[in-house]
Each structure stands twice: as C-alpha cells, then as structure tokens.
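Chain naming here is simple, since letters A, B, ... match the order of the sequence lines and numbering starts at 1 in each.
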Number of protein chains: 2
Amino acid sequence: MASPRVRDLLEEAILEGDLKPGERLRAEALAQRFGTSRTPIREALLQLEAQGLVDVEPNRGAVVRTFDRDDLRDLYELRALLEPHAAALAATRISDDDVDRLEALCEHEDQIVANEAFHGIILEAAQSPRLLVAMRAATGIPRTFRSVFWHDEAQREESLMCHRRLVAAFRARDPHLAEAVMRMHILGAIAFLEETWPSR
Amino acid sequence: MASPRVRDLLEEAILEGDLKPGERLRAEALAQRFGTSRTPIREALLQLEAQGLVDVEPNRGAVVRTFDRDDLRDLYELRALLEPHAAALAATRISDDDVDRLEALCEHEDQIVANEAFHGIILEAAQSPRLLVAMRAATGIPRTFRSVFWHDEAQREESLMCHRRLVAAFRARDPHLAEAVMRMHILGAIAFLEETWPSR
DNA sequence: CGACGCCATCTTGCATACGAAATCACGCTT
DNA sequence: AAGCGTGATTTCGTATGCAAGATGGCGTCG
C-alpha cells in the first residue's frame, strides 16, 4: 500500500530545507509540485507526521515541524538513549561485510552522507524492528541543523574518531565498548549543541 | 487532518483482538464495517503501520502484525529502554495532581485499564514529544498478549508494588529511584514472559 | 502426478468530485 | 479606531470511479 515515491520526495524536500520549518503544507500545492493528486500527498503527510517531520491538525492541515533548541535537545537525548542500545545489539549481530562497509564510510569524502549511512547500517544491523521504528522519531530533522556539526573542525575529528572506534568495537564483537562509544558520540553532539547554541 | 475517528476504531478492534494477528485487512471490507469509505481506512492503516500494529506492503495490502516470542521480547526490551527514561524525566516534571491520579490508579479495580492509564500519565508527564512518538512503537500490542500478566497473582502483586513505589519516587521527585523502579518493572515483565513462554 | 502459464477476478493506488469546516476580508457597530 | 459579525473563498475530509497490479483457479504440458 502507498507507494513510497511521494513520501520520499516530500521527506527529501523537508530534510533538504526546501520546505522550511513552520511552512504550511497545502495539499493542493504539493500535489501540483510533485505532479500527482492530493490523495498520495495526504498519505505521505500522515506518514511523515508519525516520523515527527510535520505537524498535522485535523481540519487545519499540515505544517513543517519547527525546531527550537529544546526540541533538538529532546531529539538528541532520545538518540542518546536509542543508538547506544542499537550499537550494543549490532555488535553481536553485525556481518563482516557491514563492518567493512562502516570502515569504508570513515574514508568517505562527503561526511554528511557518510554519517547518515553509518548510523543507518548500525541500526539495521541491530535487527530490532521496533527499535528501527522508534528511531524514526529521532531522525527527522532538516540537514541545516545537522550541518552545524560539520563546520567545526574539532567536532569533525571527534566524530571520525568515534566512528573508527566503533568499527574496532564491532570487529571485536564488543557490545559494551560499542555502546559506550556510541553514547559518547551522541552525548558529545549534545554538548557541542549546548556550547554553540547556548540558550536562544 | 485525518479525523482520528476511524483510526481509533481500527486500533481498538486490533487491540481488542477483534481483528486477529495475521488477518488480512481489505480496505473495502473495513470501510463497510465502519460505515465509511476506503479513503479514511487507508489513512488509518498507514498511521497504524507507523505504530507497528499492522504491516503494509505496497500493492499488496495490510495485515495485522503477528507477534511471536521474539517480537514481544524486542518490544519489551525497547520499553525497558524508553520507559525508565520517561520515569526519570517525569520525576522532575510531574504535577502533584498527576501524582494523585497515579496513586488513585493503584486502587483501581480493572488492572488492565489502570495499568495503561498509569504508564500513559507518566509518559505524558515526561514532557518529551519525541519520546512520546518513539513509545508508540512499543505500545501497539493486542491485549490478549498483555492479559497473560494479569492471570498470575504474584505478577499482579509485583506490578502493584512497583506502581506504589513509583508514586513514592514521584512524590520525592527522585529521578534515579523512579528510573530504577521502572526498569525493574519492565525487566520483571520480560523475565516473566521468558518463564511462562520459554521458547515456543 | 507435479509444475508452469494463462485468464478471470479481486484489490489496491491514484484521480477527481462534492460537502463541510476553517480562514480571510470587509463592513458594521460601538 | 478597535472589535465583532457575516459572507466569500480557500482548504480539508470523504466518497467514488477507473486503471494497474496482484491473486487465485484451471487447463495444459512435461
């Protein structure tokens, strides 16, 4: 049911910042934009609502979710809870091929893309369908907000270091190490967030 | 958008076991059953998919999710991760009124309803929108599966004890205690699950 | 006897139409 | 001039039609 086409297009448009936070999403306009009718748009919006990317109110329409500092904190705290667990599960279940893939991603030039893929592989490797669904609530965030991290050299280095350490932990099939590294990785991001964006 | 009416009806039908796991959900049939058309049904199904209650495959329709032992374990492990965190957050944010409400629920006669309400209040009190969404991935489960717990006297007592202890922790505004009690509460449920349903 | 392929049927996915609710603008009242 | 009420317009929610894809049964072939 519901071919994922429109959903993915809409998601990309929001993540890419093409549709900005706070912007009202009129079904008719989106339908024209994507060359379809309102029906698939409505279905996509409902799915994205479950993902936390849009707010939808009955009889009033959809709006791109706005992100203030508290929202981001909330979101990253959830990640700090879920992803270390995912890493621990993945450590005992990940395939050698996937570890190779993770290692390769450490050398990838586009760090934003590499980072998304990196965390995605780990999540898949955890083989917990419920965890996968739950994490969707913590991944929906326009790239503009994430790109902050990649402008800071020290942050990039720390991130890369964590990723390499994670690869090592996976090779050693060490769930505790993987969990600890991932926790540091996410909590580090929160700390950086608090520093760069103190309390606006 | 999307009046919640049909969605809630459908959810209830699944939770109540009226629509059984594995059962195919044909849009037309459901539309007749609820006295509406296929459109709201489709939208409800997509929302319930995000909640993990139904499986939906493009062009092939929806099916009530089946739950085997591994699924339940996966689901409860996720709860064991999320709910203690929710309890810790709630401890510092919950209102006195809500604590009173929790205490009253401990005396409620219908323990299944009381239990759902109890955990719901705590989740709300945590005031973390993302956590709320994530938890939806861990609550979708027909009541038949839960009712197992309420047939065991010892389990009922332990559960009630945990709930009372949680109330005390909230009164004392003690996040660590609340978190620990909640963790025990959920992990206890997992252990009970493993005992009663060893490895079928 | 079993497997493959073809055709009839069913079900879904999308487009479109129509009634209902909300929004907006304008003029009126105070 | 500010606030309120009313009508026009916009936007949503639901129903329904139609085409594409999936399902299932039957006959044929190996």
Any salt bridge linking Arg164(A) with Glu107(A)? Criterion: basic side-chain nitrogen under 4.0 Å from a carboxylate oxygen. yes
Any chance you could lay out the side-chain hydrogen bond (donor to acceptor under 3.5 Å, both in side chains) test for His119(A) and Glu83(A), step after step, and finish with the verdict? CA-CA 8 Å; His119(A) 287 262; Glu83(A) 292 211 65; 2.7 Å; yes
Write down the distance between CD1 (Ile41(A)) and C1' (dT16(C)), rounded to a whole number of angstrom. 15 Å
For the side chain to side chain donor-acceptor pair (under 3.5 Å) test, which of Gln111(B), Arg146(B), Arg143(B) pairs with Glu116(B)? Arg143(B)
Indicate whether the side chain of Gln51(B) and that of Arg7(B) have a donor and an acceptor atom separated by less than 3.5 Å. yes
In B/S/- notation, 5' to 3', how is nucleotides 10-20 of chain D contacted by protein heavy atoms closer than 4.0 Å? -SBBBBBB---
Could you go step by step and tell me if His163(A) and Asn115(A) meet the side-chain hydrogen bond (donor to acceptor under 3.5 Å, both in side chains) rule? CA-CA 9 Å; His163(A) 283 199; Asn115(A) 187 60; 3.3 Å; yes
